[in-house]
Amino acid sequence: MASAQMSFMKRWQPQLIWVLYGVGLLPAVWAFYQGATGGLGADPVKSFEHLLGLWALRFLILTLAVTPLRERLRINLLPYRRALGLLCFYYAAFHLAAYMVLDQALDLAVVLEDVLKRPFIMFGMAAFVMLVPLAVTSNRASIRRLGRNWIRLHRLIYLAAAAALLHYALSTKVLTPEQWIYIGLILVLLLYRGVRPLLPRPMPARSRAG
Amino acid sequence: MPAYRPPHIASKEITPKSAYLSRRSLMAASAGGALATLFGPGAAMAEALKAVPSPYKVDDKLTPKKDVTSYNNFYEFGLDKADPAALSGDFKPRPWTVVVDGMVAKPQRFDIDALIKEFPVEERVYRMRCVEAWSMVIPWDGFPLAALLDKVEPLGSAKYVAFETVVRPAEMPGQKGLFQSLPWPYVEGLRLDEARHPLTLLAVGLYGETLPSQNGAPIRLVVPWKYGFKGIKSIVRITLTDKQPVNTWQAANPQEYGFYANVNPAVDHPRWSQASERRIGEGGFFGAGRHPTLPFNGYADEVASLYSGMDLKANF
């Protein structure tokens, strides 16, 4: 059964990656449709911004979970990691665009002041800026060209995750249980990288794909 | 970080009171409750109020009633803005009494319906500016707090007024469970001159009907030149005192929330700007209906003199 599943996943991998992009972008399309047709409540811009940011965080968590899942539970999602990471980047870009266009009506002076004076916006912007080079170098050509430096560069995701976490935690009056769950997940995934050398050797992955 | 952890209230401390309250309301409601189940969705249903128009009226477009009653910060019912409307079904705003005590000549316990009969209810259209940088324009029905204070005759030594919200974990889901956002009861305070200002209102309704539970039924404070969190809801006690009362948000995070909390575009919240606000129900999705925030929320002519000579940056 499991091996049948594995071979199915392997056979249809390129298609499944495109399905992941399609399904992954559905929440953005749905939220935009709801917002445009009055389905996002009394403060639709805020709700839309919030939803996009939350999805960026969810894809960030999934991206960071790929390695521990592979090493500790022998679940190999490595072929999907680029798509997960790019979905995180797309949602972060939508989130930023919604803030600048819908919320601040492209008043760049206000946006600049926000970035310079508001810690929570500063951290959010820093996280986005760090995601840009990662997205730009996510293609195979860059991986080949950068060699070992590619791995070094992509460790920036940990710093971006920490900045995103602070952005999220500082944005509200009190931390909700929902926020604690996201913060906890990101902290565990970041901590995993720290304690990894102390843990028993990773289980060998079933397939060495990717 | 706003990671404030309130002390957990041991259940043995709260159960007797809630049991006592629910027993009493059960007895009082048993006769009427039977009728209500036959004829309507219960005692919490809004009833028409007889309110006379008042000159305290801003010209801004009213925020639609559905937004006023579905987008609320009332952490006793939950942290999401939709929670108060969705999770306040068990809340019983009748019968209700408000105790007014402390440094007064005639401390009294007032029945809510007697209060509504005794003081002429006025309709006042006020701007409401939340500390989270959104705003509404709401037609409140109520009477000046000063009228109630006159009734109990504050002593010359009284300098401040302290307010307290009801604690009913059985009816307010945000007040029970492991995760509690704030310590209860929610408390607030005003200087006596602020409390006596003609703009300071005790609201018992909005849009011509008794207050819905999510808006602070059956009686709440409205201080239009201050951030919305000063407008304490579901009040059970008002105490005159000579010491500056602690308010819940100031206790939770003194760097971010002060005692005065006057609306001030020049003093930013440490984590966000207060220069402008999103007017709820305006503009919609494309164009957020952003308005510049006005000093004292546009009520500077009426109230700025209360603070003459004060450093409003230090006393935020």
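All of these numbers come straight from a predicted model, not from anything done at the bench. Values below: all heavy atoms of this structure, side chains included; hydrogens, waters and symmetry mates excluded. Chain identifiers are assigned alphabetically (A, B, ...) following the order of the sequence lines, protein sequences preceding nucleic acid strands; residue numbering begins at 1 within each chain.
Considering all non-hydrogen atoms of both residues, B/Ile280 and A/Ala42 come closest at CG2-O, 3.4 Å. The heavy-atom pair separating A/Val174 from B/Leu79 by the smallest distance is CG2-CD2, 3.9 Å. Taking each heavy atom of A/Lys173 and B/Trp272 in turn, the nearest pair found is CG-CH2, 4.1 Å. Looking at every heavy atom in both residues, B/Pro270 comes nearest to A/Pro119 through O-CD, 3.5 Å. Taking every heavy atom of both residues into account, A/Asp43 and B/Trp134 meet most closely at OD2-CB, 4.5 Å.
Residue A/Ala105: no heavy atom, backbone or side chain, is found under 4.5 Å from chain B. Interface residue B/Val131: only side-chain heavy atoms are found under 4.5 Å from chain A. Heavy atoms closer than 4.5 Å to chain B are found nowhere in A/Thr37, neither backbone nor side chain.
Here OG of B/Ser273 is found 6.0 Å from CD of A/Glu113. Values are rounded to the nearest 0.5 Å. Rounded to the nearest 0.5 Å, atoms CZ (B/Phe285) and OG (A/Ser47) are 9.5 Å apart. The distance from the CE atom of A/Met122 to the CZ atom of B/Arg271 is 13.5 Å, given to the nearest 0.5 Å.
Enclosure of atom OH in A/Tyr192 by more than 12 non-hydrogen atoms of other residues, nucleotides or ligands within 6.0 angstrom is indicated. Atom OH of A/Tyr33 sits in a sparse spot, with 12 or fewer heavy atoms from other residues, nucleotides or ligands closer than 6.0 Å.
A salt bridge does not link B/Arg290 with A/Asp107: none of the charged nitrogens is closer than 4.0 Å to a carboxylate oxygen. In this structure, A/Lys117 pairs ionically with B/Asp268, as a charged nitrogen and a carboxylate oxygen lie closer than 4.0 Å.
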